[in-house]
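Below: one structure, written as structure tokens.
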Amino acid sequence: MHAVSTCDPENMQAVMAGKDWGVGFRLDGMGELLGRGIITTDGEEWFRARKMLRPGFNRNNVDDFAHLDNVIQGLLRKIPGDGETVDMGPLFYDTFLDTSLKFILGIDARDQNDGRPVSTETFNQLWLDGLVGMGLRLLLGSMRFLAPKAHYAKACATVHSFVDFAIDKAEERLLANAVGKTKSAADILLSQTSDRKYAQAQLLQGILGNQDTTSVLCSNVVQLLAEHPEIWARLRKEVKESDRELLTYDGLRENRLIQNILLESLRLRPVFPVVARRALRPTVLPTGGGPNGDQPLPVPAGTTGMVNFYSLNLDTAVFGADARSFNPDRWLNVKPSGKEFMPFGTGPRSCLGKDKALAEAGYLLVRLVERFERVEGRSGKGAGWRPEVRISMKNKAGYKVAFWRAEEA
Ligand code: HEM
């Protein structure tokens with residue numbers, strides 16, 4: 001099988017946004033856990049799923065931060081404020097798993113007495129085990145029959161039963177006319193279909209999209225700021241002195257420093273460094289062919305196209321000579337085109353959760369700078385950034401930092 005790896009903006013755009021490329025191949029490795037849904041299908045089937053899920057991501061459904069704030073207050077209580085080392089990776093992971101259960105399934109992670117088939121903790125563990133099994137199958141490709149089966153099958157069955165329980169609850173809410181203003185993806189789907197298997201697949205894929213994305217962004221942001229105390233101090237000053245309400249959807253979006261910190265983190269540490277597509281038919285990439293690599297490149301059907309955001313984001317011609325350094329202020333001067341910077345993908349399949357992720361990461365960041373005077377990196381010498389790619393890219397060295405609580409907090 002052929003494969004093309006590219007960090008050329010034109011080629012990346014063609015692979016990510018072009019009709020000749022698809023993701024249906026993911027079904028082989030992901031199907032048992034996640035079924036046929038928005039992330040594993042192409043064409044009409046994908047289009048229908050995206051259209052059905054879309055209303056959940058509209059602004060009026062992602063601008064209520066009440067549940068997030070509640071979860072963040074719990075998180076803040078767990079962070080030592082006296083300089084003791086803490087690994088923020090697992091804490092952020094739990095935070096966004098909690099909000100994911102609410103946003104996607106409509107379930108409160110802490111409300112354990114509602115008849116759910118297993119506890120939230122068991123669900124979390126088996127979901128993780130399921131992802132490990134799924135990752136192994138993706139890695140093994142056509143040899144995936146070699147992967148151990150028994151525990152994976154158990155993990156898939158339990159995760160499915162948990163989602164089915166959420167579907168029961170959403171059906172009950174719909175029947176009782178008790179769906180709230182902010183709707184979960186379960187509420188939104190069940191109001192459009194009675195096909196439970198179909199809804200189950202979309203919800204599982206919604207959890208996948210939601211999980212390990214905003215949490216990884218927040219982990220990277222805190223670690224980068226721990227290495228740049230002057231920016232933490234600046235943001236703290238700005239938050240304290242802000243004469244407008246920051247903790248609203250618009251307040252967060254319009255704050256340049258917050259947005260620039262998030263963009264700069266996504267640039268240097270993209271949550272998804274590489275994304276793959278497969279050519280659905282013979283096609284042509286804009287460049288990379290001919291003796292000098294500057295001609296169009298014909299590509300046979302079945303070719304894997306790997307687009308590399310990690311390299312794209314380090315282009316000195318676009319981001320400046322210091323492209324490898326963390327400098328949120330660069331965004332005051334650079335204006336990359338949609339092809340030159342696309343941390344949320346591009347084209348019809350771009351990320352549905354982009355606005356939600358940026359709003360929630362910004363919200364969490366404000367809460368952290370309000371509470372903590374300063375933060376310091378604790379990964380140890382030489383262990384600063386050791387990228388490891390599973391589904392998303394994380395720091396293998398962990399996200400160890402130390403916080404000092406502000407006197408007034
Ligand atoms: C920092 C956070 C996030 C980043 C960097 C990110 C990035 C991406 C990227 C690059 C894609 C395109 C993948 C591809 O083309 O194969 C994508 C798709 C998607 N994302 Fe996100 N994402 C984030 C957060 C979220 C959140 C919070 C949700 C849900 C609540 C979400 C839901 C989705 C969905 C459903 C898709 C599939 C869209 C489709 O195929 O039509 N994402 N995301």
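Just so it is clear, the values below take in all heavy atoms, side chains as well, and ignore hydrogens, waters and symmetry mates. Just so you know, ligand 1 is whichever comes first in the structure, and atom 1 is the first atom listed for that ligand.
One finds the CZ atom of Arg26 at 9.5 Å from the CE atom of Met134 (value rounded to the nearest 0.5 Å).
Distances between N or O atoms of Arg50 and those of ligand 1 include at least one value under 3.5 Å. At a 3.5 angstrom cut-off on N or O pairs, Arg26 counts as close to ligand 1. The shortest N or O to N or O distance between Arg349 and ligand 1 is below 3.5 Å.
Side-chain rings of Phe341 and Trp331 approach one another, their centers coming within less than 6.0 Å. Taking the centre of each ring, Phe309 and Phe344 stay at or above the 6.0 Å mark.
Taking a 4.0 Å cut-off on heavy atoms, Ile38 registers as neighbouring ligand 1. The closest approach between any non-hydrogen atom of Gln211 and ligand 1 is not below 4.0 Å. Under a 4.0 Å heavy-atom criterion, Phe309 is not in contact with ligand 1. Heavy-atom distances between Arg277 and ligand 1 reach below 4.0 Å in at least one pair.
Per-atom contact check: atom 7 (C) of ligand 1 touches the protein, criterion being a heavy-atom distance below 4.0 Å.
Atoms of ligand 1 found under 4.0 Å from any heavy atom of Trp46, numbered from 1 in the order shown, are 39 (C), 40 (O), 41 (O).
Cation-pi geometry between Arg367 and Phe65 is not met at under 6.0 angstrom from the ring centre and within 45 degrees of the axis. Geometric assessment of Arg267 against the ring of Phe319 yields a positive cation-pi assignment under the 6.0 Å and 45° thresholds.
Atom 31 (C) of ligand 1 has as its closest protein heavy atom Gly209 O, 3.5 Å. When only non-hydrogen protein atoms are considered, atom 20 (N) of ligand 1 lies nearest to Cys351 SG, 3.2 Å. Looking only at heavy atoms of the protein, atom 11 (C) of ligand 1 is closest to Phe344 O, 4.0 Å.
In this structure a side-chain-to-backbone donor-acceptor pair under 3.5 Å is present from Arg137 to Gly133. Judged by distance alone, the side chain of Asn395 and the main-chain N or O of Arg386 form a donor-acceptor pair under 3.5 Å. For the pair Ser265 (side chain) and Leu262 (backbone), a donor-acceptor distance under 3.5 Å is absent.
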